Every structure is written in structure tokens, then in C-alpha cells.
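Below: one structure, written as C-alpha cells.
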Amino acid sequence: MPGRDLISRATRRAFRDLAAGFLLRDIDGAWQDEGFAPTGEPDQEQGERRSRFKEYEDSVLWADHDHVTRALRVFETMLSGFEEELPVLLRAKLERDGWTITEQRRIVPVQGSPAAPASLAHLTDPSVILEHFDRIARSLPDHPREAIGAAKELIESTAKVVLVELGEPVDERNDDLPGLISRAQRALHLHPASAAPGPDGSDAVKKILGGLTSAAVGVAELRNRGYGTGHGPAQAPVGLRPRHAYLAVGAARTWCQLILDTLADPEAPWQRGKQP
């Protein structure tokens with residue numbers, strides 16, 4: 001049996017109405033940037049712009065999480081280019097589907113998810129990490145496999161981005177995740193075996209750091225055993241529930257925040273060894 005549409009026909013019609021105020025090339029660009037192509041089939045829509053939008057809309061599998069994630073990015077592109085106050089009915093229809101529009105005109109689940117830490121702003125390019133937080137927000141609570149996969153990738157990207165920020169080499173093909181986690185923590189003096197004096201080197205913090213390291217590695221293992229996206233299992237995992245996804249996402253976010261907050265902290269122990 002096919003799943004239910006994640007975005008209702010009423011909401012799609014509201015965005016189709018919004019498209020009437022855009023140029024055809026902008027409609028084409030928004031959809032094509034996300035990998036969609038028009039069906040080329042005639043429809044009953046009135047107006048060239050609405051009709052063009054409908055051709056792309058009809059190519060979306062609205063019960064498929066990946067398709068909907070990309071389609072929502074199309075909608076966000078439209079919202080960002082709409083200079084007037086957003087129609088109240090459009091907001092209401094989205095909320096009935098379980099989505100809401102933020103002040104930045106992003107579309108996120110009403111139930112929300114862990115927000116990206118503020119220290120992300122200190123990175124040279126935080127876009128890849130923000131993308132993982134966006135995937136997590138769109139996955140919870142209905143798509144636990146996608147959320148677990150995104151949580152693992154959040155940890156991996158955070159480790160790589162931090163190492164690059166510190167001038168450390170990263171081998172995209174051969175670096176495994178446990179190694180990346182260990183290297184990132186050692187570089188920031190957060191590894192239990194190399195924590196600096198003070199609170200960071202206390203027995204209590206070392207225990208927490210050791211547990212957090214294990215939790216981050218555990219997220220990767222959970223995903224690798226078929227409970228997260230990224231591998232093609234022979235069959236769907238049995239017994240996977242939203243609580244498992246929240247567990248993985250919580251562990252990933254906590255590890256990510258610790259790493260990014262420490263990188264951004266000018267008084268963190270790792271800063272003392274920097275060249276002036």
C-alpha cells in the first residue's frame with residue numbers, strides 16, 4: 001500500500017497560486033535545481049505559470065520522503081523570492097500537514113527537532129552541517145531511518161569540518177568515523193586520554209567525554225546495522241521506533257555542540273598551544 005502524501009493537494013495548490021506571480025524561468029530554475037523535470041503532460045490549470053508549476057508538481061512522489069524534502073526546498077526558494085506578506089491560508093494549510101514556516105522562511109516540522117548550536121556561526125562554511133540539521137528536522141518523528149542516517153552524517157561532517165578548520169588533513173575516502181571522532185577530540189583537547197588540566201581534565205569530565213565518544217560511535221554503528229539510511233538493507237528493520245531516532249539525534253547533537261562550542265571558545269585549553 002502506498003503511503004499517505006506528506007504534502008496535501010490543498011497545500012500544493014496554494015503554492016501553485018503563489019507561482020502565478022513568478023517568472024517562468026524562475027519556476028523552472030527552482031524545480032530543476034532540485035533535480036525535477038516537467039512531465040510534459042497537459043493539465044487543466046489556468047495560466048501559463050500555474051500550468052508550468054503543475055507539470056513539475058506532478059513529477060513529485062508526494063509520499064516519498066526524499067522527493068518531498070527536495071520539493072520543500074523548491075517551496076522555500078519561492079517563499080524567499082516572495083516579497084509580500086505570506087498568505088495566511090498558505091501557512092494554515094502547511095500547518096495542517098504538520099509543517100510551519102520560520103522567520104527565515106524555512107519550512108520545518110511543527111513538532112520541531114534539536115536546533116543547530118549557535119557556535120556553528122563561527123565556522124568558515126557551516127552549510128554542510130546545517131544541511132544535516134535540516135534533514136533531521138524533516139525526518140522526525142515519522143522517518144526514524146532517515147533521522148538516524150542524518151545523525152551519523154552530522155557527526156562525520158562536524159569532525160571533518162573542525163579538522164579542516166584546524167588545518168588538519170582529511171582523507172574523504174579512507175578516514176573511518178571512529179578515527180575522525182578521536183582525531184577531532186584530540187585536536188581540541190577533549191579526548192579522555194589527553195584532556196587538559198582544569199575542569200576538562202577532571203575525572204568527572206573524562207568519564208563524560210568517554211561516554212560521549214562511545215555514544216557518537218554508537219550512532220554510526222546503529223546506522224551501519226541497517227537502522228539508518230546510507231546502506232541498502234535486504235529488508236526494512238523490524239521494531240525501529242521514533243524513540244530510537246531521538247536517541248541517536250540527541251547523542252549526535254550533544255557531540256556536535258561540544259565540538260563546535262569548544263572550537264569557538266577563545267579560552268578553551270586547545271587555544272593555548274596556538275601560534276600567535
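Residues: numbered from 1 along the sequence shown. Both backbone and side-chain heavy atoms feed into the values below; hydrogens, waters and symmetry mates do not. Because the structure is predicted, anything quoted here is derived from the model rather than measured.
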With the threshold set at 4.0 Å, does a side-chain nitrogen-carboxylate oxygen contact exist between [X] and [Y]?
X    : Y    : answer
K207 : D203 : no
R135 : E131 : no
R73  : D33  : no
E76  : R105 : no
E172 : K160 : yes

Compare all side-chain heavy atoms of [X] with those of [Y] and state whether any distance is below 4.5 angstrom.
X    : Y    : value
L240 : I148 : yes
H122 : L263 : no
P87  : F82  : yes
D5   : R12  : yes
T100 : L94  : no
E55  : E41  : no

> Is I181 reachable from W270 through a run of hydrophobic residues whose side-chain heavy atoms are each under 4.5 Å from the next?
Replying inline: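 The answer is yes; both residues are in one hydrophobic cluster.
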
Say whether L177 and L222 are linked into one hydrophobic cluster, either directly or through other cluster members, by side-chain heavy-atom distances under 4.5 angstrom.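 Cluster IDs for L177 and L222 differ.
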
Polar side chain donor-acceptor pair, S8 to T11, under 3.5 angstrom |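 Checked: S8/T11 side chains pair up, N/O donor to acceptor below 3.5 Å.
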
I'd like to know whether E165 forms a side-chain hydrogen bond (donor to acceptor under 3.5 Å, both in side chains) with T124, so could you lay out the CA-CA distance, the side-chain angles of the two residues, the decisive distance to 0.1 Å, and finally the verdict.
CA-CA 8 Å; E165 290 275 339; T124 303; 3.0 Å; yes

Looking only at atom types and distance, does a side-chain atom of [X] sit under 3.5 Å from a main-chain N or O of [Y], one as donor and one as acceptor?
X    : Y    : answer
D97  : I7   : no
D26  : F22  : no
T262 : L258 : yes
S202 : P199 : yes

message: So, using salt bridge (charged side-chain N to carboxylate O under 4.0 Å, His left out) as the criterion, who are the partners of E267 when residues are at least two apart?
response: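 In terms of salt bridge (charged side-chain N to carboxylate O under 4.0 Å, His left out), with neighbours along the sequence ignored, E267 is linked to no residue.
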
Worksheet item: So F36 and W31, would you call those rings parallel, tilted or perpendicular, with 30° and 60° as cut-offs?
Response: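 If you compare the ring of F36 with that of W31, the planes turn out perpendicular.
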
Quick one: list whatever passes ring-ring contact (aromatic ring centres under 6.0 Å, His included) with Y227, sequence neighbours left out.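 If we apply the ring-ring contact (aromatic ring centres under 6.0 Å, His included) test to Y227, skipping adjacent residues, there are no hits.
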
Going by the rule ring-ring contact (aromatic ring centres under 6.0 Å, His included), which residues pair with H244 if we only count those two or more places apart in sequence or in a different chain?
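Counting only residues at least two positions away or on another chain, H244 forms no ring-ring contact (aromatic ring centres under 6.0 Å, His included).
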
- Are there more than 12 heavy atoms of other residues, nucleotides or ligands under 6.0 Å from atom CD of E168?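 Yes, enclosed.
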
Apply salt bridge (charged side-chain N to carboxylate O under 4.0 Å, His left out) to the pair R91 and E95, showing each step before the final yes or no.
-> CA-CA 6 Å; R91 288 183 178 273; E95 288 181 1; 5.8 Å; no

**Request:** Measure centre to centre between the rings of F75 and F15, then say whether the value is under 6.0 Å.
**Result:**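 For F75 and F15, the ring centres are under 6.0 Å apart.
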
- Task: List the atom of L140, the atom of A245, and the distance in Å for their closest heavy-atom pair.
- Result: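 Looking at all heavy atoms of both residues, the closest pair is CD2-CB, 3.7 Å.
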
* When rounded to the nearest 0.5 angstrom, what is the spacing between OG in S182 and NE2 in H191? ->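 That separation rounds to 4.0 Å.
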
